[in-house]
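These notes are about the structure you will find just below.
Residue numbers start at 1 and run along the sequence shown.
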Amino acid sequence: MTAVGVISGTRPDRRAVIPLLRRLRSDEGQADPLPVWEELRALGDVVPAPWGGYFVTGFEACSQVLRGRNWRVPDFDWQERQTDSARWREPATREMTRTLSRLNPPEHTVQRRALGNLFDRGTLETLRPRIADHVTRLLDRLDAQLRAHGRADFVPLVADQLPVHTVGHWLAVPAEHYPRILDFTHRQVHAQELLPTKTQLALSAGATAEMRDFFARLVADRRAHPGNDVLSGWIRHWDTQFPDDRAAADRMLYDLTMFITIASLETTATLLANAVWFLTRDPARADWLRRHPGHLDGAIDETLRYDPPIHLNSRYAAEDTVLAGVPLAKDTTVHVLYGAANHDPRRNADPHVFDIRRKGAHLTFGGGAHYCLGSALARLEARLLLTQLLERFPGLRPTAAPTYAPRMVFRRVTSLEVTT
């Protein structure tokens, strides 16, 4: 048995969590999840889940799970050992289980090394002018809508569009396909919920079929018409890895292209919408940041800390272990609650206060081998957007609080109406 934590834990009744989870999915909980996170954290650093497994709420305990080598993502091997095997045979679930986010070593190591540092400084500098140009054009559309109607919805006009334009350009995907990519991404993500309903799984299955068709055609077309883009480079690499098995190479290319595309959309869009909401709801805060642009990165990190685009992520114990004083048997599943961890007062003082000068810590991009591949790109998109938005719209303010999709895993802002 390996000890991986010394934080004190408690063992509340599993049923105590049920009303909190219901609140988290409600309109009230989506609008302000902080009270729910606080109540979950008050139950302990490791809290029994109603269906088995545990929620992890404390910053240090969550960090240990995300970075520890004896914690693994729920891969195919783990799924086959579960009693509710039908749940894991769903098409959308199996599709995502083949991607980087659900691979453990050595498979994860092989794919991750092949990608290298996707968004290193050189790549970001190359992308910067194009992203800045996208921002200008999207804000032009926002400006036109505000002039014509006095108000506009920031999410469909800007927040949803910037990430898909960015990754689409990077992969050389024609712009006419962006609406379709956004559409099947919004539907496919239901399969990644903690406890998806049959209706959600069916919706995700349909989206997965569309997604598979689109990206398979994209890879085939790029193979027939290679260029100097990222996808063409991947094709050349994986063809050398599987010289006698074109099907295996195409399967790897599909998994990578699909995953990196859809993983970069909703999470970044939510970051952008949340940043605009938190900054413009307080005119004094936006004005101060406008006069002190050197704190833009601090504002972005505080947005990520305060309201992470992903509520939770799951791991299982590779061996018998102890986490925060709670013994856990091999194969036990834990759900890392990013929001609860980021608001742990033992790590961030006055966590309920949104403070762009905090210089605090957050786990929103994960940790260890599965640290977010696109973190640097998401930061760049947010930085370029906020720089232009604060300059061009000094009087921008929301007309109402944002609305969110009723989810437990991937947070999504569906609407944020603004005016000037």
> Can you list the steps and then say if Glu193 with Arg407 is a salt bridge (Lys or Arg N to Asp or Glu O under 4.0 Å)?
Replying inline: CA-CA 7 Å; Glu193 280 296 290; Arg407 299 177 183 170; 5.1 Å; no
> Does the pair His311 and Tyr338 meet the rule for a ring-ring contact (aromatic ring centres under 6.0 Å, His included), with working shown?
Replying inline: CA-CA 6 Å; His311 272 168; Tyr338 291 111; 9.5 Å; no
> Hey, mind stepping through Gln145 and Arg151 against side chain to side chain contact (heavy atoms under 4.5 Å, CB included) and telling me if it holds?
Replying inline: CA-CA 7 Å; Gln145 188 79 358; Arg151 59 183 61 196; over 6 Å; no
> Where do Tyr178 and Asp160 land on the side chain to side chain contact (heavy atoms under 4.5 Å, CB included) test, with the steps shown first?
Replying inline: CA-CA 10 Å; Tyr178 297 169; Asp160 277 349; over 6 Å; no
> Does the pair Val334 and Leu328 meet the rule for a side chain to side chain contact (heavy atoms under 4.5 Å, CB included), with working shown?
Replying inline: CA-CA 9 Å; Val334 298; Leu328 302 176; 4.0 Å; yes
>> Test side chain to side chain donor-acceptor pair (under 3.5 Å) on Arg222 and His225; report intermediate values, then the result.
In response: CA-CA 5 Å; Arg222 197 61 47 83; His225 306 93; over 6 Å; no
>> salt bridge (Lys or Arg N to Asp or Glu O under 4.0 Å), that's the test. Do Arg81 and Asp77 meet it? Break it down for me.
In response: CA-CA 7 Å; Arg81 296 194 294 271; Asp77 288 342; 5.5 Å; no
> Would Thr57 and Val336 satisfy side chain to side chain contact (heavy atoms under 4.5 Å, CB included), going step by step from the backbone distance to the final call?
Replying inline: CA-CA 7 Å; Thr57 67; Val336 172; over 6 Å; no
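Every residue two or more places apart in sequence or in another chain was checked for a side chain to side chain donor-acceptor pair (under 3.5 Å) with Gln241, and none qualifies. Listed by chain and number, the residues in a ring-ring contact (aromatic ring centres under 6.0 Å, His included) with Trp277 amount to none (sequence neighbours excluded). With sequence neighbours excluded, no residue satisfies salt bridge (Lys or Arg N to Asp or Glu O under 4.0 Å) with Arg22. For Glu381, the side chain to side chain donor-acceptor pair (under 3.5 Å) partners are Thr166, not counting sequence neighbours. For His352, there are no ring-ring contact (aromatic ring centres under 6.0 Å, His included) partners at least two apart in sequence or on another chain.
Under the 3.5 Å distance criterion, with hydrogens and angles disregarded, no donor-acceptor pair is assigned to the side chains of Gln161 and Arg141. In summary, the side chains of Tyr404 and Asn274 do present a donor paired with an acceptor at a separation below 3.5 Å, with no hydrogens or angles considered. Side-chain atoms of Asp75 and Thr97 form no donor-acceptor pair, as typed in the model, at a separation below 3.5 Å. With hydrogens and angles left out, the side-chain atoms of Ser314 and Thr333 include no donor and acceptor closer than 3.5 Å. Remark: the Thr136 side chain and the Gln388 side chain contain an N/O donor-acceptor pair separated by less than 3.5 Å. Under the 3.5 Å distance criterion, with hydrogens and angles disregarded, no donor-acceptor pair is assigned to the side chains of Thr99 and Asp255. Remark: the His165 side chain and the Arg137 side chain contain no N/O donor-acceptor pair separated by less than 3.5 Å.
Between Glu39 and Arg23 there is a salt bridge, since a side-chain N of the basic residue sits under 4.0 Å from a carboxylate O of the acidic one. A salt bridge links Asp250 to Arg223: one of the charged nitrogens lies within less than 4.0 Å of a carboxylate oxygen. A salt bridge is absent between Arg346 and Glu60: the closest approach of a Lys/Arg side-chain nitrogen to an acidic carboxylate oxygen does not fall below 4.0 angstrom. Between Arg41 and Glu38, none of the side-chain N atoms (NZ, or NE/NH1/NH2) sits under 4.0 Å from a carboxylate O, so this pair counts as no salt bridge. Ion pairing between a basic and an acidic side chain is recognised when a charged N comes within 4.0 Å of a carboxylate O; Arg383 and Asp297 show such pairing. Arg305 and Asp301 are not joined by a salt bridge, as no carboxylate oxygen comes within less than 4.0 angstrom of a charged side-chain nitrogen. A salt bridge does not link Lys330 to Glu319: none of the charged nitrogens lies less than 4.0 Å from a carboxylate oxygen. A salt bridge is absent between Asp133 and Arg128: the closest approach of a Lys/Arg side-chain nitrogen to an acidic carboxylate oxygen does not fall below 4.0 angstrom. For the pair Arg217 and Asp213, the salt-bridge criterion is met [side-chain N within less than 4.0 Å of a carboxylate O].
The shortest side-chain heavy-atom distance between Val73 and Leu103 does not fall under the 4.5 Å cut-off. Annotation: side chain of Leu390 is in contact with side chain of Leu296 (closest heavy-atom distance under 4.5 Å). For the pair His186/His190, no side-chain contact is recorded, criterion being any heavy-atom separation below 4.5 Å from C-beta on.
The structure places CG of Leu34 at 4.5 Å from OH of Tyr306, a figure rounded to the nearest 0.5 Å. In this structure, CE on Met258 lies 9.0 Å from CG on Leu256, to the nearest 0.5 angstrom. Atom-to-atom distance recorded for Ile310:CD1 and Leu337:CG is 12.5 Å, nearest 0.5 angstrom. Annotation: the span from Arg251 atom CZ to Asp245 atom CG amounts to 6.5 Å, rounded to 0.5 Å. Met211 CE to Thr257 OG1: the interatomic distance, rounded to the nearest 0.5 Å, is 11.5 Å. Annotation: the span from Thr268 atom OG1 to Leu377 atom CG amounts to 6.5 Å, rounded to 0.5 Å.
Listed here is the closest heavy atom pair of Pro48 and Val17: O-CG2, 3.3 Å. The two residues Gln79 and Pro74 make their nearest non-hydrogen contact at NE2-O, 3.5 Å. His169 and His134 make their closest contact through CB-NE2, 4.2 Å (heavy atoms, listed as atom of the first residue, atom of the second, distance). Ala286 and Thr280 get closest at one heavy-atom pair: CB-CA, 4.4 Å. The two residues Leu142 and Ala152 have their closest heavy-atom pair at CD1-CB, 3.8 Å. Taking both residues in full, the closest heavy atoms of Leu385 and Val135 are given as CA-CG1, 3.9 Å, listed atom of the first, atom of the second, then distance.
Side-chain N or O atoms of Gln111 include none that pairs as donor or acceptor with a backbone N or O of Glu107 at under 3.5 Å.
Between Trp37 and His343, the angle of the ring planes lies from 30° to 60°, which puts this pair in the tilted group. Ring geometry, Phe242 versus Trp238: the interplanar angle falls under 30°, so the pair is classed parallel (tilted spans 30 to 60°). Using the six-membered ring where Trp is involved, Phe215 and Phe184 have ring planes that are perpendicular, over 60° apart on the 30 and 60° scheme. Using bins of under 30°, 30° to 60° and over 60° for the plane-to-plane angle, the ring pair His335/Phe55 lands in the tilted bin.
In Asn117, the CG atom is crowded: over 12 heavy atoms of neighbouring residues, nucleotides or ligands sit closer than 6.0 Å.
Val164 pairs with exactly one of Leu265, Ile262, Val173 by the side-chain contact (heavy atoms from CB on, under 4.5 Å) rule, that one being Leu265.
Residue pairs meeting the ring-ring contact (aromatic ring centres under 6.0 Å, His included) criterion with at least one partner in residues 89-108, sequence neighbours excluded, are His108-His370.
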